[in-house]
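Notes to accompany the following structure.
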Amino acid sequence: MSKLKVYNSLTRQKEVFESITPGHVGMYVCGPTVSGESHLGHARPYITFDIFYRYLTYLGNKVRYVRNITDAGHFEEEGREAEDKISKKAVLEKLEPMELVQKYTNLFHWAMNEFNTISPSIEPTATGHIIEQIVMIEKIIADGYAYVANGSVYFDVDKYNEDFSKKELPYGILSGRVLDEQIESTRELDNQDEKRNKSDFALWKNAPPEHIMRWKSPWGEGFPGWHIECSAMSAKYLGDQFDIHGGGMDLQFPHHECEIAQSAVCNHVMPARYWLHNNMITINGRKMGKSYNNVIKLSELFSGSHPILVQAFSPMTIRFFILQTHYRSTLDFSNEALQAAEKGLRRLWEAYEALQKMQVDQLSFDASKADAELNEKVNTLLAEFDEYMNDDLNTAKVLASMFEIVPVINSIKDQHIEVSALTIETFETLQQKMKTFVEDIMGLKSELQGDQSKLDGVLKVLIDLRKQARAKKDFATSDAIRNQLLQLGIALKDEKNGEMSYTFS
RNA sequence: GGUCCUGUGGCCGAGUGGCUAGGCAGAGCUCUGCAAAAGCUUCCACAGCGGUUCGAAUCCGCUCGGGACCUCCA
């Protein structure tokens, strides 16, 4: 069997994946900023890296998956001003950042659960690691790669680049950005900028009086810059150098580039060996984002309550939709595409369930009836699952192979072909492999539970039948419907006006 | 302006120098009391123009179009 290959943004090519410690994988993924509700765009990385997590585990690795929660920074809820802090409002009327953080963290977890993603091994928060971040900043200052200005601390990118280019860790190593060009456009310095160079970035920021999130530090009260948290937490839980660092492509610069610089100064090593980036979800060809005003929140997606949406789309439909595309391609949202995904998923899932319901010991296999060609086809398709996953996690191709197996399953189910067309070995491999890949690796699950509107529809049909039966004085039928429903815990009642109502026990 | 990615059939999307992607939609047939489902068959493609090659959607060049990053961003 082939080895897992992944596209490393650092080298811009697919590489065979080998962990630092065989059998163990450390993976860090940039988590959400919990100052607002997650949207469709957020679904992409967390589902993508959920698949990585699941697949690496399937390959026999013990994976430590760390995904942070960014809960420090500028925190305001829409319509509420940060000046709350200095106003004379009562405590309970003030904006309490931790309340916001909690609210959106909960919503994030809820959505991730809906998507059937596995929780990370560790989910550290930025606010819970202020000390680690301060220690790291002090080290960078001590080494001469950062400077203090008015209570803020900035990373000296120029100096870093000069020294670390010699160590093959230039600034821009990940994003391919050349520093000189950036300095070119440094001229238009806005007002009294504290930075020496435009490309310098904040490690610590002095908090103005109205800023509601603040911590004491050697440089005064303030809050950490947004790159340092990932450097501090990844090193703490995964070591100075670990295997995989993941995140959205938009984080490649400046976020990940800055992480590398910070970590390189402190730990003298490239923090992660494989940098994996998922591409963006677009809507009408545009990246989904606040600045474009085209955000569809996950809760709106699940409920269908957004003007763009023609209907609600279930979490599994969205998961499937995302998996149908390779993670490094952009994925364009549209109602039509989601509807197609919904139908496709249903087809796959129904065949999958039918397959799993078949029990080998209740089927009679006759080896003499085996269709050699069909067996070979099925076994080849099944073997491709691993090959395609190994090829930089090509879930799109795995699903395509699965869909080629669907007609075989349906044909057996509908008795268009005999089950004996497959050998018992092939059949058992098929069942087992489909289970592993559909549920354990793709992370798909049934969504049948409790769809109230459909149940209501079903009951209406039964009620109408019962009305007809009663009209024909066919009481045997009408009673059978009522009694059998009652056994299921649904009580039908005949109202005075001839209508019927029902209640659930 | 700089860096980079991308352009596949009605829609979404894989993809490799020669071999069926797949899903959804459409057409026909089979099955079926009817319908649905399912099965079988089928239509529709590689932005344009050149070049390399025995052979290119796949490599190179140009043209046109779309997008991302350079600011918070998944």
Kindly give the atom pairs (protein nitrogen or oxygen, nucleotide nitrogen or oxygen) under 3.5 Å for nucleotides 15-18 of chain B.
from   : atom 1 : to       : atom 2 : distance (Å)
B:rG15 : OP1    : A:Asn394 : ND2    : 3.2

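If you take CD of A:Glu342 and P of B:rC12, they are 18 Å apart, rounded to a whole angstrom. Between the P atom of B:rU30 and the CD atom of A:Gln415 lies a distance of 21 Å, rounded to the nearest Å. In this structure, CZ of A:Arg12 is placed 17 Å from P of B:rC69, rounded to the nearest angstrom. At whole-Å resolution of the value, CD in A:Gln252 and P in B:rG67 are 20 Å apart. In this structure, A:Asp250 atom CG and B:rU3 atom P are separated by 21 Å, rounded to whole Å. Spacing between atom CD1 of A:Ile417 and atom C1' of B:rU30 amounts to 16 Å, rounded to whole angstrom units. In this structure, A:Asp332 atom CG and B:rG67 atom P are separated by 11 Å, rounded to whole Å. Spacing between atom CD of A:Gln324 and atom P of B:rU8 amounts to 17 Å, rounded to whole angstrom units.
Between A:Tyr160 and A:Tyr171, the two ring planes are perpendicular [angle over 60°; tilted spans 30° to 60°]. A:His277 and A:His256 have tilted rings, their planes meeting at an angle from 30° to 60° on a 0 to 90° scale.
Geometric assessment of A:Arg67 against the ring of A:Tyr46 yields a positive cation-pi assignment under the 6.0 Å and 45° thresholds. A cation-pi arrangement is found for A:Arg196 relative to A:Tyr147, the charged atom lying closer than 6.0 Å to the ring centre and inside a 45° cone about the ring normal. Cation-pi geometry between A:Arg347 and A:Phe403 is not satisfied (NZ or CZ under 6.0 Å from the ring centre, within 45° of the ring normal).
Going from the P atom of B:rC64 to that of B:rG10 covers 25 Å, rounded to whole Å. Nucleotides B:rA21 and B:rC62 have their C1' atoms positioned 31 Å apart, rounded to a whole Å. Rounded to the nearest Å, the gap between the P atom of B:rG66 and that of B:rU16 is 27 Å. One P atom belongs to B:rU42, the other to B:rU63, and the distance between them is 42 Å to the nearest Å. The gap from the P atom of B:rU30 to that of B:rG22 amounts to 25 Å, rounded to the nearest Å. Rounded to a whole angstrom, the distance from the C1' atom of B:rC43 to that of B:rG26 is 8 Å. The same atom, C1', is picked in B:rC24 and in B:rC60; the two are 36 Å apart, to the nearest Å. Between B:rC59 and B:rG18, the two P atoms lie 11 Å apart (nearest whole Å).
The side chain of A:Tyr46 sits closest to B:rA74 out of B:rC69, B:rC12, B:rA74. The side chain of A:Ser334 sits closest to B:rC12 out of B:rA14, B:rC69, B:rC12. The listed nucleotides are B:rA74, B:rA68, B:rG23; the one nearest the side chain of A:Arg286 is B:rA68. The nucleotide whose nearest atom lies closest to any side-chain atom of A:His39 is, among B:rA14, B:rC12, B:rA74, B:rA74.
Nucleic acid contact for A:Met288: base, since at least one base atom lies under 4.0 Å from a heavy atom of the residue. Within 4.0 Å of A:Gly247, counting heavy atoms only, lie sugar-phosphate atoms of the nucleic acid but no base atom. Here A:Ala400 lies in heavy-atom contact (under 4.0 Å) with a base. Across all strands, A:Leu331 comes closer than 4.0 Å only to sugar-phosphate atoms, never to a base (heavy-atom distances). Note on A:Tyr292: only backbone sugar-phosphate atoms sit closer than 4.0 angstrom, heavy atoms only; bases stay farther off. Among the heavy atoms of the strands lying under 4.0 Å from A:Glu404 are primed sugar atoms or P, OP1, OP2 only; no base atom is included. Residue contacts shown for A:His255 are absent, as no nucleic acid heavy atom lies under 4.0 Å away.
A sub-4.0 Å separation between OP1 or OP2 of B:rG23 and a side-chain N or O of A:Lys343 is absent. At the phosphate of B:rA74, OP1 or OP2 sits under 4.0 Å from a side-chain N or O atom of A:Thr33.
With sequence neighbours excluded, the residues forming a side-chain hydrogen bond (donor to acceptor under 3.5 Å, both in side chains) with A:Lys435 are A:Glu439, listed by chain and number. When the salt bridge (charged side-chain N to carboxylate O under 4.0 Å, His left out) test is applied to A:Lys5, no partner is found at least two apart in sequence or on another chain. Residues meeting the side-chain contact (heavy atoms from CB on, under 4.5 Å) test with A:Ser38, sequence neighbours left out: A:His42, A:Phe108, A:Leu298. Remark: A:Thr426 engages A:Asn375, A:Val378, A:Asn379, A:Leu422, A:Thr423 in a side-chain contact (heavy atoms from CB on, under 4.5 Å) (not counting sequence neighbours).
Figure legend. B:rA35 is base-paired to no nucleotide; pairs are counted as Watson-Crick or G-U wobble with both atom distances under 3.5 Å. With a 3.5 Å ceiling on both atom-pair distances, the Watson-Crick or G-U wobble partner of B:rC4 is B:rG67. Under the Watson-Crick and G-U wobble criteria, each requiring two contacts below 3.5 Å, nucleotide B:rC46 is left unpaired. If you check B:rU52 for Watson-Crick or wobble pairing at under 3.5 angstrom, you find it has no partner at all.
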- 5' to 3', nucleotides 31-42 of chain B under a 4.0 Å protein heavy-atom cut-off (B base, S sugar-phosphate only, - none) gives -------BSS--
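Considering A:Tyr65, A:Phe17, A:Tyr327 as possible partners of A:Phe52, the one that fulfils the ring pair (Phe, Tyr, Trp, His ring centres under 6.0 Å) test is A:Tyr327.
A residue-by-residue look at A:Ser175 and A:Glu336 shows that A:Ser175 has its nearest nucleotide of RNA chain B further toward the 5' end. Nearest-nucleotide positions on RNA chain B place A:Tyr327 closer to the 5' end than the other of A:Gly344 and A:Tyr327.
The number of heavy-atom neighbours closer than 6.0 Å to CD of A:Glu168, taken from other residues, nucleotides and ligands shown, is 12 or below. Other residues, nucleotides and ligands place more than 12 heavy atoms under 6.0 Å from the CZ atom of A:Arg54.
Centroid-to-centroid, the aromatic rings of A:Phe115 and A:Trp110 stay 6.0 Å apart or farther.
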